[in-house]
Amino acid sequence: MTVLHKFWLNKNNASGWYAASGAVKGRILNQFSMDEWKGHLRIATTHGKVPNPAVHSTISVLRQEGTSLVVTGQIDDIAPTEDIRSARFNGATGYIVTFKKTDPLFVINLTDPVNPFIEGELKIPGYSTYMHILDDEHVLSIGYDADDQGSFAYFQGIMLQVFNVADLANPFLLHKEVIGTRGSTSDAATNHLAFNFFKPKDWLAIPMVVCEDSGGGGSYGDEMTFSGLMVYDVTVADGFDYLGGVPHNVADGENYKCYNWWTQSNSKVKRSIFMDDYVYSVAMDEVKIAHIDALDSPITAIPIL
């Protein structure tokens, strides 16, 4: 189970005090699995671990009563045999993605804290590991493409998607971009701090190591074609427009191979910053600065000693 504790914090000084506690079954994936809205805590959990056939997920809504956090409403037994790969809440709506072979995107109606319910569902290949709210009607995600093998699926290249969720009962995939093949990796797939969407200009920067020439199925691409920061223009109207990449070559002697498990992302670039029309690409050994119109030709590289 997951045990929850609530504390009151004093905004005027560095003090706080205990308020209440509660518990729900299962475990959370990350901080995006929890959210508070209008005095209610919403939490997404998975009970058990794949490949146990009893695995399933739960959405619980809690409120404070005295010193207890009590469940007011709950959706149980979501996606049996699958676990949660990403979650996000946005006001009265919640989104969770589970995975075993396909990527079911569940759209949760949380308007009534006593009666939450699944209002829509979309099943597509692959799965999202991080969901970013573009606006109230669209969700941007990063994750992995997948190759269905019958009773299971192989994860493949890094996948970017834009979902239309304007009609909660009928979500649909609006745009999709797959980068590389099996073995391609991005820190943004497992750490949202590496995912940089700059809304004023609709630019998305993600660290990438791109591997190609996979034979399909469980084989990994054996040719690394790019290492660095990839930048896209992302709009609801036009989808993903690749603007270019800031290269960070892998030095001789560095131990990198086109072989990465999906939970063990290992791109050389770790973070990025947009500043006016310039992109700062941050690796452990250097920071490269490039103009948006010439990303492949950085203006300068600053060593990190």
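In this chain, numbering begins with 1 at the start of the sequence shown. All values derive from a computational prediction rather than experimental measurement.
Ring centers of Phe89 and Trp37: at least 6.0 Å apart, outside the cut-off.
Asp76 CG: more than 12 foreign heavy atoms inside a 6.0 Å radius. Within a 6.0 Å radius of CH2 in Trp8, no more than 12 heavy atoms belonging to other residues, nucleotides or ligands are found. Counted within 6.0 Å of CZ on Phe117, heavy atoms from surrounding residues, nucleotides or ligands total more than 12; the atom is thus considered enclosed. No more than 12 heavy-atom neighbours from other residues, nucleotides or ligands sit within 6.0 angstrom of CG on Asp276.
With 3.5 Å as the limit, one finds no donor-acceptor pair spanning the side chains of Asn115 and Asp112. In the model, Ser227 has no side-chain atom that pairs as donor or acceptor with a side-chain atom of His248 under 3.5 Å. Of the N and O atoms on the side chains of Ser57 and Thr46, at least one donor lies less than 3.5 Å from an acceptor on the other residue. Residues Thr181 and Glu212 bring no donor and acceptor atom of their side chains to less than 3.5 Å of each other.
For the pair Pro171 and Gly120, the tightest heavy-atom approach, listed with the atom from each and the gap, is CD-CA, 4.1 Å. The nearest pair of heavy atoms linking Pro53 to Thr81 is O-CG2, 3.6 Å. Shown here for Val210 and Gly180, the closest heavy-atom pair between the two residues is CG1-CA, 3.8 Å. Across all non-hydrogen atoms, the minimal contact from Glu65 to Arg63 is OE2-NH2, 2.8 Å. The minimum heavy-atom distance between Ala290 and Pro298, with the atom names listed, is CB-CA, 3.9 Å. For Met159 against Asp145, the heavy-atom pair with the smallest separation is CB-N, 3.7 Å.
How far CD1 of Ile43 is from CD1 of Ile59: 9.0 Å, rounded to the nearest 0.5 Å. Rounding to the nearest 0.5 Å gives a distance of 10.0 Å between SG of Cys211 and CD1 of Ile158. The distance from the CD1 atom of Ile273 to the CG atom of Asn196 is 8.0 Å, given to the nearest 0.5 Å. The line from OG1 of Thr235 to CG of Asp241 is 8.0 Å long, rounded to the nearest 0.5 Å. Interatomic distance, Ser60 OG to Lys25 NZ, rounded to the nearest 0.5 Å: 8.5 Å. Between the CG atom in Leu140 and the CG atom in Asp202 there is a gap of 10.5 Å [rounded to 0.5 Å].
Met284 belongs to no hydrophobic cluster with other residues, because no ILVMFWY side-chain heavy atom falls under 4.5 Å from its own, directly or through intermediates.
The shortest side-chain heavy-atom distance between Ile302 and Ile289 falls under the 4.5 Å cut-off. Annotation: side chain of Val139 is in contact with side chain of Ile133 (closest heavy-atom distance under 4.5 Å). The shortest distance between side-chain heavy atoms of His138 and Leu174 falls below 4.5 Å. Contact annotation: the side chain of Ser186 never approaches that of Ser265 to less than 4.5 Å [non-hydrogen atoms, C-beta and beyond]. With a 4.5 Å cut-off on side-chain heavy atoms, Thr129 and Thr190 do not count as touching. Using a 4.5 Å cut-off on side-chain heavy atoms (C-beta onward), Ile28 and Thr45 make contact. Taking 4.5 Å as the limit, every side-chain heavy atom of Ile124 sits out of range of all side-chain heavy atoms of Lys176. Looking at heavy atoms from C-beta onward, Val269 lies out of side-chain contact with Lys288 at the 4.5 angstrom threshold.
By the rule that hydrophobic residues join a cluster once side-chain heavy atoms approach within less than 4.5 Å of another member, Phe99 and Phe32 end up as members of one cluster. Val282 and Val246 are assigned to two separate hydrophobic clusters, defined by single-linkage of ILVMFWY side chains at heavy-atom distances under 4.5 Å. A continuous path of ILVMFWY side-chain contacts below 4.5 Å connects Val162 to Tyr95, so both sit in one hydrophobic cluster. Clustering ILVMFWY residues whenever any of their side-chain heavy atoms sit less than 4.5 angstrom apart, transitively, puts Met230 in the very cluster that holds Tyr144. Note on Leu173 and Tyr130: same hydrophobic cluster, where clusters join Ile, Leu, Val, Met, Phe, Trp and Tyr whose side-chain heavy atoms are under 4.5 Å apart, directly or indirectly.
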| request: Determine, step by step, whether Ser141 and Phe163 satisfy the side chain to side chain contact (heavy atoms under 4.5 Å, CB included) criterion, reporting the C-alpha distance in whole Å, the side-chain angles of both residues, the deciding distance to 0.1 Å, and the verdict. | output: CA-CA 8 Å; Ser141 77; Phe163 298 99; 3.6 Å; yes

| field | Working for side chain to side chain contact (heavy atoms under 4.5 Å, CB included), residues Leu134 and Phe197 | value | CA-CA 9 Å; Leu134 274 180; Phe197 182 68; 3.4 Å; yes

| task | Could you please spell out the steps behind the side chain to side chain contact (heavy atoms under 4.5 Å, CB included) verdict for Leu243 and Ile292? | result | CA-CA 8 Å; Leu243 301 181; Ile292 193 69; 4.0 Å; yes

| task | Could you give me the CA-CA distance, side-chain angles and deciding distance for Leu204 and Ile142, then say whether side chain to side chain contact (heavy atoms under 4.5 Å, CB included) is met? | result | CA-CA 11 Å; Leu204 171 67; Ile142 185 171; over 6 Å; no

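Ring geometry, His56 versus His47: the interplanar angle falls from 30° to 60°, so the pair is classed tilted. Taking the six-membered ring for Trp and thresholds of 30 and 60 degrees, His132 and Phe195 have ring planes inclined between 30 and 60 degrees apart. Note on ring orientation: taking the six-membered ring where Trp is involved, the planes of Phe240 and His175 are perpendicular (angle over 60°, cut-offs 30° and 60°). Note: Trp203 and Phe198 have tilted aromatic rings, judged against thresholds of 30 and 60 degrees for the angle between ring planes. Ring geometry, Tyr232 versus Tyr242: the interplanar angle falls from 30° to 60°, so the pair is classed tilted.
With hydrogens and angles disregarded, a donor-acceptor distance shorter than 3.5 Å links the side chain of Gln64 to the backbone of Gly66. In terms of modelled atom types and a separation under 3.5 Å, the side chain of Ser267 and the main chain of Asp187 share a donor-acceptor contact. Between the side chain of Thr72 and the backbone N or O of Val61, at least one donor-acceptor pair lies under 3.5 Å. Side chain of Ser184 to main chain of Gly157: no donor-acceptor pair is present (N/O by atom type, distance under 3.5 Å, no hydrogens or angles). Judged by distance alone, the side chain of Asn90 and the main-chain N or O of Thr93 form no donor-acceptor pair under 3.5 Å.
For Arg85 and Tyr127, the positive end sits near the middle of the six-membered ring, less than 6.0 Å away and at most 45° from its axis.
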